[in-house]
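Quick notes on the structure that follows.
Predicted model only: the values in this text are computed from it and were never measured.
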Amino acid sequence: MDMMYIWVGAVIFLALAFDFINGFHDTANAIATSVSTRALSPRMAIVIASVMNFTGAMLFTGVAKKIGSGIADPATLDNGVQVIVATLISAIIWNLVTWWFGIPSSSSHALVGSLAGAVVSADGFGALNEGGFTEIVKALIFSPLIAFAGGFIVMWLLKKIFAKSSPHQINKGFRTGQIITAAFQSFTHGTNDAQKAMGIMTFALVTAGLQDNIEHIPLWVKISAATAMALGTSIGGWKIIKTMGTKIFKIEPINGFAADITSASVILTATLTHLPVSTTHVITSSILGVGSAKRFSAVKWGLAGRIVVSWIVTIPVTVLLSALIYQIMLLFM
């Protein structure tokens with residue numbers, strides 16, 4: 001039993017480390033457009049993002065429950081706590097690698113892929129909850145497509161509505177509006193992304209026999225996960241901010257507003273339906289959709305293509321990585 005407590009402690013430490021890294025890895029998601037258009041200073045943007053991330057993380061639990069039971073049943077896994085340790089090590093490695101190279105990859109894809117890989121490595125394909133896993137993957141795939149279409153439509157409508165307005169007045173008004181949308185986007189980021197670590201920690205508690213079911217997310221789990229993400233957010237991820245805010249296309253305040261309101265709406269809808277989505281994919285796709293509506297040739301599609309490649313490879317790479325890590329751990333267990 002003493003050894004089990006050590007393993008659970010390792011899960012909690014790694015889950016909070018993942019959440020912390022997720023915070024600075026994905027900070028760009030919420031504030032890149034508002035910083036690039038100078039609607040907010042970097043310091044103020046990070047303060048707003050940190051506070052709103054924490055607030056969003058504390059108010060919802062549906063996504064945590066989906067992550068905790070949708071991919072596998074924690075009560076039936078052999079070496080379930082060790083499976084979670086391998087999952088988190090894999091996801092953290094991938095997050096750090098992509099952060100280092102400034103690639104806006106998905107922490108959600110990394111976590112889902114890593115958990116699936118570790119589960120299969122431990123107990124075979126039969127241990128996967130096929131229906132739940134498929135539902136999660138569908139949400140991860142379709143949400144960026146919805147965000148792209150939504151960004152295109154919102155920007156097209158704004159262009160029509162303000163076609164005869166002064167560009168200076170438009171930029172001034174939407175620069176102010178971006179303060180609100182950046183806060184909204186940070187809030188929705190917390191409602192979805194922070195819950196993934198909550199789900200993983202609760203998964204480990206059930207597996208270790210320290211909790212009966214996944215339906216109850218302990219208050220200390222919610223507070224610790226929300227705090228870790230908020231602290232990570234406070235550090236920021238400037239390499240990814242540069243990619244998201246300047247390298248896809250030249251963003252003006254009206255474009256940033258359109259992208260923010262679209263992506264935040266998609267993420268909040270996913271949270272309300274208890275589906276984990278990639279905030280990175282959703283926000284990047286909304287920026288691409290807005291850029292396409294502004295002028296198709298304005299988007300740097302070569303960079304966009306490299307980002308999409310990172311999306312495609314994340315799940316298979318992390319599946320293999322976590323499976324390998326689990327097998328290596330078995331040698332020392």
Side-chain angles (χ1 to χ4, degrees), residues 26 28-40 45 48-49 52 56 104 106 139-193 240-241 243-273 275 277-301 303-304 307-308 311:
D26 289 359
N29 298 346
I31 64 176
T33 59
S34 59
V35 171
S36 67
T37 61
R38 299 184 182 178
L40 289 168
I48 291 173
M52 297 307 291
S106 168
L140 291 172
I141 291 172
F142 286 111
S143 54
L145 301 178
I146 295 169
F148 180 91
F152 185 95
I153 292 168
V154 170
M155 189 63 232
W156 183 83
L157 289 172
L158 290 175
K159 282 174 64 178
K160 292 295 183 182
I161 294 169
F162 296 100
K164 297 181 180 179
S165 301
S166 162
H168 174 73
Q169 290 301 318
I170 290 174
N171 284 334
K172 183 178 179 181
F174 279 101
R175 190 172 281 118
T176 302
Q178 274 195 281
I179 298 173
I180 298 171
T181 55
F184 180 37
Q185 184 143 257
S186 299
F187 173 80
T188 61
H189 178 260
T191 69
N192 205 280
D193 267 25
I240 295 174
I241 286 173
T243 298
M244 297 276 282
T246 63
K247 289 188 176 181
I248 294 177
F249 80 101
K250 189 179 187 307
I251 296 176
E252 296 176 353
I254 189 172
N255 312 136
F257 178 91
D260 288 351
I261 199 71
T262 300
S263 53
S265 298
V266 172
I267 294 166
L268 184 59
T269 300
T271 297
L272 293 175
T273 53
L275 289 172
V277 297
S278 167
T279 54
T280 304
H281 289 201
V282 168
I283 294 169
T284 306
S285 295
S286 69
I287 293 173
L288 289 170
V290 167
S292 299
K294 178 184 177 182
R295 193 174 70 255
F296 195 82
S297 61
V299 177
K300 297 177 182 177
W301 292 105
L303 175 64
I307 293 172
V308 170
W311 296 352

What is the minimum heavy-atom distance between [X] and [Y], and which atoms define it?
X      : Y      : value
Thr188 : Ala264 : CG2-O, 3.5 Å
Gly151 : Val290 : O-CG2, 3.5 Å
Ala259 : Gln185 : O-OE1, 4.3 Å
Lys159 : Ala293 : NZ-O, 2.8 Å
Met52  : Ser186 : CB-CB, 3.6 Å
Val277 : Ala270 : CG1-CB, 3.6 Å

When rounded to the nearest 0.5 angstrom, what is the spacing between [atom1] in [X] and [atom2] in [Y]?
X      : Y      : atom1 : atom2 : value
Leu157 : Phe152 : CG    : CZ    : 10.0 Å
Phe184 : Ser263 : CZ    : OG    : 9.0 Å
Phe187 : Asn192 : CZ    : CG    : 11.5 Å
His189 : Ile267 : NE2   : CD1   : 7.5 Å

Problem set entry | Partners meeting side-chain hydrogen bond (donor to acceptor under 3.5 Å, both in side chains) with Ser278 (sequence neighbours left out) |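 Partners of Ser278 by the side-chain hydrogen bond (donor to acceptor under 3.5 Å, both in side chains) criterion, ordered by chain and then number, come out as Ser106.
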Problem set entry | Polar side-chain atom of Ser285 near backbone of Val282 as donor-acceptor pair, under 3.5 Å | no
With sequence neighbours excluded, residues passing side-chain contact (heavy atoms from CB on, under 4.5 Å) with [X]:
X      : value
Leu272 : Phe60, Leu268
Thr181 : Gln178, Phe257, Asp260, Ile261
Thr262 : Val154, Ser286
Ile170 : Phe162, Ser165, Phe174, Ile254

Problem set entry | 4.5 Å side-chain heavy-atom contact, Leu140 and His281 | no
